[in-house]
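Labels below follow one simple rule: chain letters A, B, ... track the order of the sequence lines, proteins then strands, and each chain is numbered from 1.
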Amino acid sequence: MDGNKDIRTTDATRDAPALVWPDDDTLIPDWIYTDQRIYDLELEKIFLGRHWNYVGLDCEVPEPGNYFRSYVGPLPVVVTRDADDQVHVFENRCAHRGVEFCREYRGTADSFICPYHNWTYNLKGDLTAVPFRRGVKGKGGMPADFDMADRGLRKFHVETRGGVIFATACDDMVSVEEYLGPVIAAEFDATFDGSEMKLLGVHRNILPSNWKLYQENLKDPYHATLLHTYLTTFGLFVSSNESNIPVDPTGRHGGLLSRRPEGRPDVSEEEQANMQAFKEAMPLNDPRVLEFIREFDSKWSGSVLTIFPTLTALRQTNILNTRLLVPRGPNEFMMIWTVFGRASDDEEMTRHRLRQNNIFGPAGFLGIEDNEALKFLQDGIRKSMPRDGLALLGDDDEPVDTIITERSIRAMYRYYRDVMGL
Amino acid sequence: MATVMDKGNTALRDARLEIEEFNYEYADTLDRFDVDGWVEYFTEDALYHVIARDNAESGLPLGLIYCEGKAMMKDRAYALLNTEMFAPRYLHLSITNTRALAIDGDLIRATANYTLVETLVEELSRVQQVGKYHDVFQRTGGGLLLKERRCIFDSVMIDNCLVFPV
């Protein structure tokens with residue numbers, strides 16, 4: 001058996017000393033994906049820490065009174081638009097006994113009434129009515145000093161940028177623009193350019209893997225042409241495409257940007273020899289699916305942004321979506337995919353986007369493979385003897401057009417270690 | 001509207017029996033992973049749409065799978081059988097509660113309930129999808145074909161991924 005020095009054989013030896021990160025940037029300890037203590041610490045240091053958490057899109061609450069269920073990290077929240085057109089994010093947990101009171105995916109309301117004891121909240125999350133406050137016949141009821149102003153729902157600070165809604169528990173948070181950093185903010189603004197969006201629908205799925213693995217997956221250009229034979233078979237992406245892998249100065253956010261050449265990409269012999277699953281290029285019976293209608297002021301036809309902690313934003317050809325990762329314990333997360341077009345789309349453009357969306361989503365050609373691969377990965381980490389994972393490829397100071405690299409994954413974990421104190 | 005309950009309305013009852021036969025063959029084709037064969041249950045211009053119930057009821061058009069025409073279905077079949085990586089599994093598609101609702105010339109409007117149970121290696125069998133078909137069948141020289149199959153699924157929260165069509 002190789003790798004003996006990495007093996008911690010019993011739970012006792014794992015628990016006794018503090019979890020220690022290996023003194024090597026290319027090693028990632030497997031306990032960050034499986035350990036409940038790490039999961040609990042992430043809530044405090046990351047989701048309730050100095051971060052902007054993506055919660056949804058403006059176009060999900062287009063009118064005053066609209067609301068939808070969402071999450072800040074693992075915490076259930078409600079996102080609303082009030083009568084003054086302000087967006088609010090508050091906990092989906094009654095201040096009285098703790099009931100998760102909002103049970104619909106989305107809807108329209110002028111207030112939320114907890115069904116258990118009818119405590120009533122307005123669209124800002126303020127408590128506005130409590131039944132039997134004075135009791136009955138002078139007996140019972142609330143204490144005399146009960147003040148509804150103190151008993152509202154816990155609220156998050158909210159900022160919207162380009163129609164994307166972020167929430168934070170941090171009281172002295174920097175702006176979203178500063179949080180993203182200039183390079184990532186520029187790419188973010190290229191997709192979310194301020195034009196009105198139109199919601200096309202939402203996918204939801206549960207993945208039996210740790211939420212961080214999904215961020216890694218979209219920071220990992222190495223797997224793209226190896227796992228996703230669809231991309232190369234139908235000519236959507238090959239490793240020799242012009243690409244750019246930016247990382248923000250803190251390391252926490254990243255991007256995978258690529259430009260699809262006109263016509264079919266040229267797959268070199270070197271590339272073919274390295275791709276086990278490579279198939280000779282196939283024409284589609286219905287080529288409309290891959291048709292690219294230019295619509296953004298950007299040289300990149302494909303842009304995936306990984307915004308720490310739990311947002312990924314995709315612009316691929318004419319597919320536009322955001323993905324919210326909702327942790328549900330160390331070994332599982334839920335993904336909420338919000339797919340949109342633009343308000344100015346005509347019917348044919350909407351249908352074009354719907355056709356193209358077959359590529360992504362939980363039944364998409366790429367979605368199936370990523371979800372399956374991450375499930376296999378978590379199975380390996382969770383069930384086998386402990387062993388560090390490797391993120392060896394590329395160099396930290398390489399040119400940003402290097403594609404066979406794990407630089408962006410290493411950068412995220414440098415930031416993660418720092419913020420988690422590991 | 002004439003319904004199958006009307007006395008003497010044998011046309012809808014006959015249509016229902018015919019559609020049941022069709023759906024049993026359809027389910028068996030998918031249980032055998034014969035996605036190329038699955039394509040042949042549709043007309044050239046058919047619409048195949050698998051859509052979450054909450055999207056459908058909110059008037060949101062996004063499909064988990066959305067195929068306009070048989071060509072798109074052929075491309076999905078090719079991709080599944082030749083390019084896709086997924087865990088080995090057994091499929092068990094049950095189609096029940098078949099109803100023929102109306103006949104209009106060579107078109108029959110029908111619904112049916114469906115349940116897809118998936119079984120993966122060393123895992124318990126689980127319901128991957130439960131939903132209702134909203135169908136339009138077309139009578140052709142060679143028998144019935146689907147002109148439209150909208151699969152509206154209640155199981156909005158998908159377990160990892162849906163690999164095969166329903």
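Dense packing is recorded around CD of A/E348, with more than 12 heavy atoms of other residues, nucleotides or ligands lying under 6.0 Å away. Annotation for A/E196: atom CD does not count as buried by contact number, only 12 or fewer foreign heavy atoms lying within 6.0 Å. Atom CZ of A/F292 sits in a crowded spot, with more than 12 heavy atoms from other residues, nucleotides or ligands closer than 6.0 Å. For B/E123, the CD atom counts as densely surrounded, since its 6.0 Å shell holds more than 12 non-hydrogen atoms of other residues, nucleotides or ligands. In the displayed structure, B/R99 atom CZ is contacted under 6.0 Å by at most 12 heavy atoms of other residues, nucleotides or ligands. Counted within 6.0 Å of CD on B/E40, heavy atoms from surrounding residues, nucleotides or ligands total more than 12; the atom is thus considered enclosed.
Note: B/E57 CD to A/R106 CZ = 10.5 Å, rounded to the nearest 0.5 Å. Atom CD1 of residue A/I368 and atom CE of residue B/M85 lie 10.0 Å apart, to the nearest 0.5 angstrom. A/E372 CD to B/L120 CG: the interatomic distance, rounded to the nearest 0.5 Å, is 6.5 Å.
Per-residue heavy-atom pair counts under 4.5 Å with chain B were compared for A/V202, A/L366, A/D370, A/L374, and the maximum is reached by A/V202. Across A/R288, A/H228, A/E104, A/K198, the residue that shares the most heavy-atom pairs under 4.5 angstrom with chain B is A/R288. In terms of non-hydrogen atom pairs under 4.5 Å with chain A, the most contact-rich of B/I65, B/I51, B/L80, B/V50 is B/I65. Between chain A and the options B/S155, B/A79, B/G69, the largest number of non-hydrogen pairs under 4.5 Å is found for B/A79. In terms of heavy-atom pairs under 4.5 Å with chain A, the best-connected choice from B/D75, B/N55, B/L162 is B/D75.
You'll find the side chain of B/I158 stays beyond 4.5 Å of the side chain of A/H203, heavy atoms only. A heavy-atom distance below 4.5 Å is not found between the side chains of B/E122 and A/D379. The shortest side-chain heavy-atom distance between A/I206 and B/D159 does not fall under the 4.5 Å cut-off. Proximity of B/L62 to A/N357: side-chain heavy atoms (C-beta onward) are separated by under 4.5 Å at one or more points. Residues B/D54 and A/R204 are in side-chain contact: their nearest non-hydrogen atoms beyond the backbone lie under 4.5 Å apart. B/N160 is not listed as a side-chain neighbour of A/P362, based on a closest heavy-atom distance of 4.5 Å or more. Residues A/N285 and B/Y78 form no side-chain contact, since every pair of their non-hydrogen atoms from C-beta on lies 4.5 Å or further apart.
Distance alone, capped at 3.5 Å, is enough to place a donor-acceptor pair between the A/N358 side chain and the B/Y66 backbone. No donor-acceptor distance shorter than 3.5 angstrom exists from the side chain of A/N205 to the backbone of B/C161, with no hydrogens or angles considered.
Considering all non-hydrogen atoms of both residues, B/E84 and A/E369 come closest at CA-OE2, 3.3 Å.
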Passes side-chain contact (heavy atoms from CB on, under 4.5 Å), B/V156 versus A/Y105? Steps please.
CA-CA 11 Å; B/V156 168; A/Y105 292 116; 3.4 Å; yes
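Residue contact with chain B, scored on non-hydrogen atoms closer than 4.5 Å, is absent for A/M335. For A/V289, the part lying near chain B is the side chain, with the backbone staying farther off; criterion is any non-hydrogen pair under 4.5 Å.
For the side-chain contact (heavy atoms from CB on, under 4.5 Å) with A/D286, the lone residue among B/M73, B/M72, B/R76 that qualifies is B/M72.
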